[in-house]
Amino acid sequence: ATFNITGSTFTENSASYRGGAVAVWKEGGNTTGIRMQVTLDGNTFTGNSTTINDSIEYEGGGGAVFLCGNAMGTFTANTFANNTTANIGGAVFIKNDVKIPDRVLTFGAQTADSAVDDSKANTFTDNHADAQGGAIYSGASSDDATTTLFYGGRFESNSSNVGGGAVYLVSRRGRESDAALIDGVTFVDNQGQRTAIGGALYPKDGNHTFQNSTFTNNTTEWNAGGAIYTDWTEKVAVTNTKFDGNIAGATRKSDARGGA
């Protein structure tokens, strides 16, 4: 099944639990192997929200967009601004909990010669999550691997109260097959508020590659990882990436570690 949204505007929509503007998932029956390809291109999401902080971790959120279960996503040339959630994923929530081989989530695109296509980059500005992932939360708990690709884009002034001021990525613990690529992305002025870890990024588990990217003036208020904090990660590779002015523990330095 396919679900395409192109050139549309979503402003100040709200849901109590999942996806303030858009929610896509399949419930009930045998869902194994069924794919739902969601494509969002050239849209604007502003001031959307979800309002309930459910006690069941990783079940609700996505101030603007919620994708779950069978849904795989491609996001190109979208703008997300001032979206909020009382749970996880201030702008986008993705939970990969159904067995689908070779699942790929893509933010942005490449040109024919494998360079970052700037015309397809997404922007995330001033989004907030009361829990993980100020702009994006992506979690993988199924038995099959998930690859998450970021080609270009800008994350600016997003915030989280728990982890990943801009982006929180998590896979099944100890599994090397889950992977993320951050290529040509700019992270500026994102913040892990209160006890949050990872001012810009919190990649947890799996393998992660950062290349040709910039992290500037990202902070945590109390905790570790001014720009990036990793936990249970199998492998991290950083190439041609600039870290400038990031601060861990901007308001309580005695408990902080790892400014960059």
Side-chain angles (χ1 to χ4, degrees), residues 43-47 63-65 75-85 88-92 106-109 115-130 132-138 148-169 180-194 196-203 208-230 236 238-251 253 256-260:
N43 304 291
T44 301
F45 295 84
T46 306
V65 177
F75 297 74
T76 51
N78 300 290
T79 298
F80 293 86
N82 298 110
N83 301 286
T84 62
T85 180
I88 55 184
V92 177
T106 307
F107 294 86
V116 171
D117 186 346
D118 291 333
S119 71
K120 293 296 185 181
N122 302 284
T123 62
F124 294 83
T125 307
D126 290 316
N127 302 287
H128 175 77
D130 284 352
Q132 295 98 327
I136 297 172
Y137 170 93
S138 180
T148 306
L149 305 171
F150 292 87
Y151 297 119
R154 184 178 182 90
F155 292 83
E156 184 170 1
S157 299
N158 302 285
S159 60
S160 161
N161 290 350
V162 176
V167 180
Y168 185 98
L169 302 171
L181 170 66
I182 312 292
D183 185 7
V185 184
T186 298
F187 296 87
V188 180
D189 293 330
N190 301 287
Q191 186 176 58
Q193 298 178 340
R194 303 179 187 177
I197 299 172
L201 270 166
Y202 186 169
H208 306 286
T209 300
F210 304 90
Q211 61 189 40
N212 310 317
S213 297
T214 302
F215 293 82
T216 305
N217 297 337
N218 302 285
T219 61
T220 57
E221 288 187 342
W222 296 0
N223 226 318
I228 302 172
Y229 181 90
T230 65
V236 175
V238 181
T239 305
N240 193 33
T241 293
K242 183 179 180 180
F243 297 84
D244 186 15
N246 304 287
I247 301 173
T251 62
K253 298 182 185 298
R257 306 174 304 281

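Using cut-offs of 30° and 60° for the angle between ring planes, the Phe107 and Phe75 rings count as parallel. Ring geometry for Phe243 against Phe215 counts as parallel: the plane angle stays under 30°, on a 0 to 90° scale with 60° as the upper cut. Note: Phe155 and Phe124 have parallel aromatic rings, judged against thresholds of 30 and 60 degrees for the angle between ring planes.
For the pairing with Asp183, the side-chain hydrogen bond (donor to acceptor under 3.5 Å, both in side chains) check across Asn212, Thr209, Thr239, Asn240 returns one residue only, Asn212.
Annotation: side chain of Ile228 is in contact with side chain of Phe210 (closest heavy-atom distance under 4.5 Å). Residues Tyr151 and Asp117 form no side-chain contact, since every pair of their non-hydrogen atoms from C-beta on lies 4.5 Å or further apart. Using a 4.5 Å cut-off on side-chain heavy atoms (C-beta onward), His128 and Asn161 make contact. Counting heavy atoms from C-beta outward, Phe80 and Val65 have side chains that approach closer than 4.5 Å. Between Val92 and Phe45 the shortest side-chain heavy-atom distance does not fall below 4.5 Å. Side-chain contact check for Tyr229 versus Asn223: every heavy-atom pair is 4.5 Å or farther apart. Here the side chains of Thr186 and Glu156 are not in contact, with every heavy-atom distance at 4.5 Å or above.
For residues 120-129, every residue pair satisfying the salt bridge (Lys or Arg N to Asp or Glu O under 4.0 Å) rule, not counting sequence neighbours, is listed here: Asp41-Lys120.
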